[in-house]
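Written below as structure tokens is the structure these notes are about.
These values consider heavy atoms only, across backbone and side chains, with no hydrogens, waters or symmetry-generated copies.
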There are 2 protein chains.
Amino acid sequence: MFKPVLIEPSIYCQLDIVQFKSSCAACSLRELCLPVGLNEDEVKKLDIVSQKRKITRGGYLHHAGAKFQSLYAIRSGFLKTCVLEQDGRHQVTGFHMTGELLGLDAISTDVHTCDAIALEDSEVCEIPFAKLEEISRTIPSLMRHFHKIMSREIVRDHGVMLLLGSMKAEERLASFLLNLSRRFHLRGYSEYNFNLRMTREEIGSYLGLKLETVSRAFSKFQDEEIITVDNKHIQIKDIARLRMKLSNSDVS
Amino acid sequence: MFKPVLIEPSIYCQLDIVQFKSSCAACSLRELCLPVGLNEDEVKKLDIVSQKRKITRGGYLHHAGAKFQSLYAIRSGFLKTCVLEQDGRHQVTGFHMTGELLGLDAISTDVHTCDAIALEDSEVCEIPFAKLEEISRTIPSLMRHFHKIMSREIVRDHGVMLLLGSMKAEERLASFLLNLSRRFHLRGYSEYNFNLRMTREEIGSYLGLKLETVSRAFSKFQDEEIITVDNKHIQIKDIARLRMKLSNSDVS
DNA sequence: TGGCGATTTTGATTTTTGTCAACTAATCTC
DNA sequence: GAGATTAGTTGACAAAAATCAAAATCGCCA
């Protein structure tokens with residue numbers, strides 16, 4: 001049912017998970033939040049402070065403005081994060097899946113700066129941040145690992161800024177689909193067939209486009225026989241040409 | 001000449017500098033990179049590992065792709081960071097001034113992911129990252145402080161994503177000018193009169209606009225008597241209306 | 001299972017921004 | 001300091017995306 005799969009740490013999006021265990025009985029950091037290179041004792045230290053939490057579809061993992069206590073490692077499911085401005089402006093800042101770490105933005109001011117909402121029933125490990133900092137003092141590799149995760153989020157955000165600042169609608173959608181494809185593949189799912197968990201509006205919000213523009217771009221790709229779209233189900237028929245959508249446009 | 005000024009730590013962009021010292025003889029972390037709440041001994045530990053470095057206008061602090069060794073705390077001057085894609089796409093990801101910390105993106109892969117280029121003659125403190133991690137293990141407040149700085153960069157990036165994803169050209173420029181104004185003010189300079197260090201093209205790159213669009217937006221603001229533009233010199237004549245440019249537009 | 005609200009698609013039109021071009025102003029170099 | 005180069009402004013036009021509108025489809029829940 002759930003196939004174990006080896007994951008390249010270097011390109012894995014958040015926590016460097018080396019291997020998913022097939023036994024899913026208990027929520028332990030060993031299974032899901034296991035940073036590379038910790039020994040049994042070290043894992044136990046982390047394990048003991050973390051707590052499992054379930055969020056049903058549509059539910060909030062945390063609200064913007066809420067007091068920050070914990071980071072959340074996604075054990076299963078799919079979530080979005082949204083920033084909100086006082087003027088009603090809002091935007092999806094990310095879609096997050098198994099193995100990724102949420103809440104990093106809140107460290108800055110001890111207040112969450114975004115909503116985190118489950119797009120399907122999800123499960124997370126709640127990691128009290130104060131404890132994590134404390135433990136990481138005694139485990140240099142854990143501290144190093146945590147710094148890399150934060151840095152990776154910064155790099156990811158710069159990539160999104162590049163997308164929003166310099167790509168056309170079709171390029172943005174191509175980039176989005178390729179990113180999802182890669183991330184599903186890393187988790188042992190098909191890179192060519194997957195179901196979107198979010199609406200066209202949410203995709204649009206993330207990509208800085210209106211939902212109609214997203215819909216039209218999907219239709220265009222389908223007409224060009226690059227993908228098949230059946231509502232939320234996507235099949236990538238020609239990943240090479242999807243990649244070309246990105247590189248093709250000559251940018252000054 | 002150089003007026004000391006009290007800075008609110010909570011809104012200060014990068015390092016929580018409490019006070020600029022008026023003596024600028026030596027580059028020490030005590031003066032410029034002093035995190036809040038460290039005692040003399042603690043500051044010394046950091047001080048000893050940092051090194052001063054000057055970059056002349058147009059020079060590189062680091063190149064994308066270069067091996068990561070150190071973070072850089074800006075002591076004086078003004079720099080930009082640019083991400084580059086293999087397809088030639090590139091974008092300014094930030095403008096950085098005194099007290100801010102550069103290089104956080106490179107922790108992730110031990111390679112710099114962006115160019116950092118001086119827009120005026122600048123001086124930085126080079127802080128070897130391995131040393132910083134080592135020292136921060138023994139000084140919890142330093143570690144905590146460093147985590148807040150990284151987190152703040154993530155929050156800043158989310159703000160830019162919101163700007164790029166949901167604002168019109170004039171709103172973007174208004175947001176940009178208000179941001180610069182606030183940051184100059186925090187450093188003891190006028191919030192209403194300042195010189196831009198970057199070209200229209202660089203502003204456009206950062207805001208996801210073409211230089212002509214930036215130029216037109218400047219002219220529009222000037223016509224509306226919100227600002228005065230004299231090439232690189234900006235005077236904000238009506239900051240309230242500049243703020244309205246942001247909040248005015250009703251967003252769904 | 002049937003109906004209703006939410007989501008998606010598609011078309012027509014408008015708005016916004018980009019592109020190209022010409023000109024002016026500033027800055028750099030020798 | 002003169003000429004060359006770079007930067008900035010403005011206009012006319014084209015392209016991209018947003019907006020408005022209508023119809024089709026999906027999925028939730030009673």
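Using cut-offs of 30° and 60° for the angle between ring planes, the B:Phe78 and B:Phe184 rings count as parallel.
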Q | CA sep, side-chain torsions, deciding dist, call: B:Glu100, B:Arg156, salt bridge (charged side-chain N to carboxylate O under 4.0 Å, His left out) | A | CA-CA 12 Å; B:Glu100 295 178 2; B:Arg156 186 189 76 83; over 6 Å; no
Q: Evaluate the criterion side chain to side chain contact (heavy atoms under 4.5 Å, CB included) for residue pair A:Arg57 and A:Arg197; output intermediate values, then yes/no.
A: CA-CA 10 Å; A:Arg57 190 154 95 89; A:Arg197 270 72 170 182; over 6 Å; no
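Taking atom CD on A:Glu170 and atom P on D:dA18, their separation rounds to 13 Å, with Å as the unit. A straight line from CZ of A:Phe218 to C1' of C:dT10 spans 16 Å, rounded to a whole angstrom. Between the CD atom of B:Glu171 and the P atom of C:dT16 there is a distance of 10 Å, rounded to whole Å. Taking atom CZ of residue B:Phe221 and atom P of nucleotide D:dG8, one finds them 17 Å apart after rounding to whole Å. In this structure, CG of A:Leu164 is placed 15 Å from P of C:dT17, rounded to the nearest angstrom. One atom, NZ of B:Lys168, and another, C1' of C:dG18, lie 16 Å apart when rounded to the nearest Å.
For the pair B:Arg187 and B:Arg183, the tightest heavy-atom approach, listed with the atom from each and the gap, is NH1-O, 2.9 Å. When every heavy atom of A:Asp87 is checked against every heavy atom of B:Leu246, the shortest pair comes out as OD2-O, 3.7 Å.
With sequence neighbours left out, A:Phe221 forms a ring-ring contact (aromatic ring centres under 6.0 Å, His included) with no residue at all. With sequence neighbours excluded, no residue forms a salt bridge (charged side-chain N to carboxylate O under 4.0 Å, His left out) with A:Arg200.
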Q.
Each nucleotide in nucleotides 23-30 of chain D should get exactly one letter: B, S or -. Can you fill that in based on protein heavy atoms under 4.0 Å?
A. ---SSS--
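Across residues 199-208 of chain B, B:Thr199, B:Arg200 each have a non-hydrogen atom less than 4.0 Å from an atom of DNA chain D (numbered order).
OP1 or OP2 of D:dT19 lies within a sub-4.0 Å distance of a side-chain N or O belonging to A:Lys210. Under 4.0 angstrom from either OP1 or OP2 of D:dT9 there lies no side-chain N or O belonging to B:Ser219.
Side-chain N/O atoms of A:Arg216 and base N/O atoms of C:dG11 include a donor-acceptor pair closer than 3.5 Å.
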Can you check nucleotides 21-24 of chain C for protein contacts, nitrogen or oxygen pairs under 3.5 Å, and list what you find?
none

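The pair B:Glu224-B:Arg241 does not meet the salt-bridge criterion, since no charged nitrogen lies less than 4.0 angstrom from a carboxylate oxygen.
Axis angle across the helix from C:dT1-D:dA30 to C:dC30-D:dG1, with five pairs used at each end and values rounded to 10°: 60°.
Between the side chains of B:His96 and B:Thr81, at least one donor-acceptor pair of N or O atoms lies under 3.5 Å.
In summary, the aromatic rings of B:Tyr189 and B:Phe194 are positioned with their centroids too far apart to meet the 6.0 Å limit.
The residue among A:Leu211 and B:Thr213 whose nearest nucleotide of DNA chain D is located toward the 5' end is B:Thr213.
Between A:Tyr72 atom OH and A:Ser122 atom OG the span is 13.5 Å, to the nearest 0.5 Å.
Listed for the A:Arg172 side chain is a donor-acceptor partner under 3.5 Å among the backbone atoms of A:Met167.
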